[in-house]
2 protein chains.
Amino acid sequence: MTRVLVIDDEPQIVRALVINLKARKYEVDAAHDGATALRLAAARHPDVVVLDLGLPDMDGVEVIKGLRGWTRVPILVLSARHSSDEKVEALDAGADDYVTKPFGMDELLARLRAAVRRAEPAGGEEEDVLVETAEFTVDLAAKKVNRGGRDVRLTPTEWHLLEVLVRNTGRLVGQRQLLQEVWGPSYGTETNYLRVYMAQLRRKLEADPSHPKHFITEPGMGYRFER
Amino acid sequence: MTRVLVIDDEPQIVRALVINLKARKYEVDAAHDGATALRLAAARHPDVVVLDLGLPDMDGVEVIKGLRGWTRVPILVLSARHSSDEKVEALDAGADDYVTKPFGMDELLARLRAAVRRAEPAGGEEEDVLVETAEFTVDLAAKKVNRGGRDVRLTPTEWHLLEVLVRNTGRLVGQRQLLQEVWGPSYGTETNYLRVYMAQLRRKLEADPSHPKHFITEPGMGYRFER
DNA sequence: GGCGGCCTTGACGCAACTCTGACGCCCCGG
DNA sequence: CCGGGGCGTCAGAGTTGCGTCAAGGCCGCC
């Protein structure tokens with residue numbers, strides 16, 4: 001869940017924000033002065049900060065600098081001042097966005113979403129998914145298989161087949177399903193393909209290919225990958 | 001140098017932006033319609049995009065989506081519309097910021113700086129900038145390749161290809177992904193480009209180009225850079 | 001206007017991969 | 001005991017993909 005830190009000294013604004021944010025499943029912390037804000041930020045590590053520049057105890061820009069000293073968390077500034085200088089100062093101090101009051105709640109929430117979105121990790125879906133067995137290691141992200149310290153070369157079909165099986169570790173995958181996922185939807189009965197390529201995989205990955213421990217045949221049904 | 005792509009069909013606005021940006025040492029490309037914009041973005045790979053929503057040939061939101069299909073480049077939207085719905089739509093389509101016309105040039109530039117700043121690599125200190133192998137060294141920040149004490153000259157395309165591979169060191173990069181990142185989103189099947197340019201890279205960087213140790217071909221799938 | 005560098009494109013030989021058929025084995029049921 | 005279906009193995013044929021070279025076109029620079 002996304003955590004938001006709201007910093008404002010006007011209770012009605014804080015209330016409006018908190019209600020709207022919670023309704024949209026954000027987790028919300030609130031602070032009414034700069035000192036509390038900096039403490040809360042350090043303690044709670046919010047995913048995004050909404051900061052009103054007009055605080056009782058310190059200048060809003062100082063809060064920005066205080067945060068930027070140690071974090072790149074997105075900061076969305078609220079302010080009653082329309083002056084261009086104020087905006088420039090806040091943005092150059094490290095703010096990510098600047099909204100002038102009165103603001104539309106829809107717009108603020110959209111800007112918040114934008115700020116959170118771009119702070120997300122760069123890789124859309126790449127994470128090093130490692131699957132290990134006693135004999136070998138499969139890296140689904142890098143498309144690599146390592147065995148005894150050496151990379152094993154797999155052909156596209158071999159890799160594809162391995163991937164489907166590994167993604168279903170421990171589960172039985174039917175022959176029809178395997179054929180359709182690897183060779184395409186118009187296949188389904190060519191079980192000889194499976195026999196040939198399973199043999200290749202076993203030869204390349206199993207310690208004893210004729211007595212497989214990981215690539216198990218379920219006669220008449222399909223195959224199963226076990227770690 | 002930071003490269004900016006300005007997309008607007010009003011000549012006077014484009015002129016004002018171009019003059020101000022160039023005065024501040026930005027490199028500027030300009031497009032006056034959406035189709036040109038998408039083509040230019042693919043060809044020039046700007047560091048930030050300034051986009052006016054009111055274009056003659058297509059909806060601005062479509063331009064945003066077109067860009068977001070393959071790049072996370074910051075997009076700063078300009079618009080004459082103050083409506084909240086428009087802002088929300090643009091931001092949720094993937095825009096990073098939204099400025100209504102008339103706008104203050106100072107503010108726009110500050111927002112531009114903010115957008116560029118947060119797009120910079122996360123690591124405060126330089127880390128992955130230098131990638132070394134036994135034969136050569138790639139400096140991603142300086143865009144330089146050194147081999148045996150001498151700088152190697154690479155053409156723009158060669159460098160781009162190298163950069164994508166090095167940024168994914170150890171990982172397999174699919175041919176479609178390579179083509180789209182280097183040649184633009186409308187490419188995907190021209191694998192002969194890859195063959196030609198991989199050959200160039202190997203000739204310039206590998207000790208034995210016909211038996212590459214670093215630029216590995218994975219037949220039918222893609223290429224992989226190994227240190 | 002000529003020149004050089006760079007990008008595109010096509011052709012060709014070769015290696016790798018996929019497909020296919022044949023054969024033998026094992027398990028199970030008749 | 002015999003027969004059949006499903007599976008594993010092997011090797012050859014056909015196709016695809018890769019590396020290489022060279023020619024042509026485009027653009028910027030001198």
Side-chain angles (χ1 to χ4, degrees), chain A residues 143 145 151-163 165 172-176 178-184 186-224, chain B residues 27 29 39-40 42-45 143 151-162 165 172-176 178-184 186-224:
Chain A
K143 287 205 186 341
V145 181
D151 283 349
V152 182
R153 290 209 42 163
L154 295 184
T155 70
T157 310
E158 288 164 5
W159 172 260
H160 209 150
L161 182 60
L162 174 67
E163 191 173 12
L165 288 169
L172 169 69
V173 187
Q175 352 197 42
R176 172 167 294 266
L178 273 176
L179 282 164
Q180 294 193 347
E181 293 214 30
V182 177
W183 278 268
S186 59
Y187 291 76
T189 55
E190 298 80 348
T191 58
N192 46 327
Y193 293 12
L194 292 179
R195 295 205 296 278
V196 171
Y197 280 93
M198 286 305 299
Q200 313 252 40
L201 276 184
R202 297 206 251 242
R203 196 176 326 134
K204 290 185 178 179
L205 299 179
E206 291 274 3
D208 180 0
S210 53
H211 300 94
K213 283 212 268 291
H214 304 291
F215 300 97
I216 314 293
T217 303
E218 301 281 359
M221 310 188 57
Y223 294 84
R224 175 203 311 279
Chain B
E27 199 172 327
D29 297 313
R39 198 166 36 74
L40 264 183
R44 307 272 296 162
H45 287 267
K143 293 200 188 302
D151 279 353
V152 181
R153 267 192 53 94
L154 294 183
T155 70
T157 308
E158 287 165 5
W159 169 260
H160 208 147
L161 181 59
L162 174 67
L165 288 169
L172 171 70
V173 187
Q175 11 198 38
R176 174 169 295 265
L178 273 176
L179 282 164
Q180 294 195 347
E181 294 214 27
V182 177
W183 278 268
S186 60
Y187 292 76
T189 54
E190 297 79 350
T191 57
N192 46 327
Y193 291 14
L194 292 179
R195 296 206 296 275
V196 171
Y197 278 92
M198 287 305 300
Q200 315 248 42
L201 278 182
R202 296 206 251 241
R203 200 174 322 136
K204 290 185 178 180
L205 299 178
E206 290 274 3
D208 179 359
S210 54
H211 300 94
K213 283 213 269 290
H214 305 292
F215 300 97
I216 314 292
T217 303
E218 299 283 0
M221 304 201 283
Y223 294 85
R224 179 201 309 281

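Values reported hereafter were calculated over all heavy atoms of this structure, with side chains retained and with hydrogens, waters and symmetry mates removed. Values in this document were obtained by computation on a predicted structure and should not be read as measured data.
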To the nearest Å, how far apart are B/Arg202 CZ and D/dC21 C1'?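 Interatomic distance, CZ of B/Arg202 to C1' of D/dC21: 15 Å.
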Taking CG from A/Leu194 and P from D/dC7, how many angstroms apart are they, rounded to a whole number?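 Rounding to the nearest Å, CG of A/Leu194 and P of D/dC7 are 9 Å apart.
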Separation between CG of B/Leu165 and CD1 of B/Ile216, rounded to the nearest 0.5 Å: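 Taking CG in B/Leu165 and CD1 in B/Ile216, the distance rounds to 11.0 Å.
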Among residues 155-163 of chain A, which residues get a heavy atom nearer than 4.0 Å to DNA chain D? none
Any side-chain to backbone donor/acceptor pair from A/Arg224 onto A/Glu218? Under 3.5 Å, distance only. no
Donor-acceptor pair, side chain of B/Glu206 and main chain of B/His214, under 3.5 angstrom: yes
Quick one: on DNA chain C, does B/Tyr187 or A/Arg195 contact a more 5' nucleotide (nearest heavy atom)? B/Tyr187
Map B/Pro219 and B/Gln200 onto DNA chain C by nearest heavy atom, then report which one ends up closer to the 5' terminus. B/Gln200
For DNA chain C, which nucleotides open and close the run of contacts to chain A, 5' to 3', at under 4.0 angstrom from a non-hydrogen atom?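 Under 4.0 Å from chain A, the extent on DNA chain C is C/dC17 to C/dT20.
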Can you find a heavy atom in the side chain of A/Thr217 that is under 4.5 Å from one in the side chain of A/Arg202?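 A/Thr217 reaches A/Arg202 side chain to side chain.
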Classify the angle between the aromatic ring planes of A/Trp183 and A/Tyr193 as parallel (below 30°), tilted (30 to 60°) or perpendicular (above 60°).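 Taking A/Tyr193 first and then A/Trp183, their aromatic rings sit tilted (interplane angle of 30° to 60°).
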Work out how much the helix from C/dG1-D/dC30 to C/dG30-D/dC1 bends between its end axes, five pairs an end, to the nearest 10 degrees.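 Here the helix ends are tilted 20° relative to one another.
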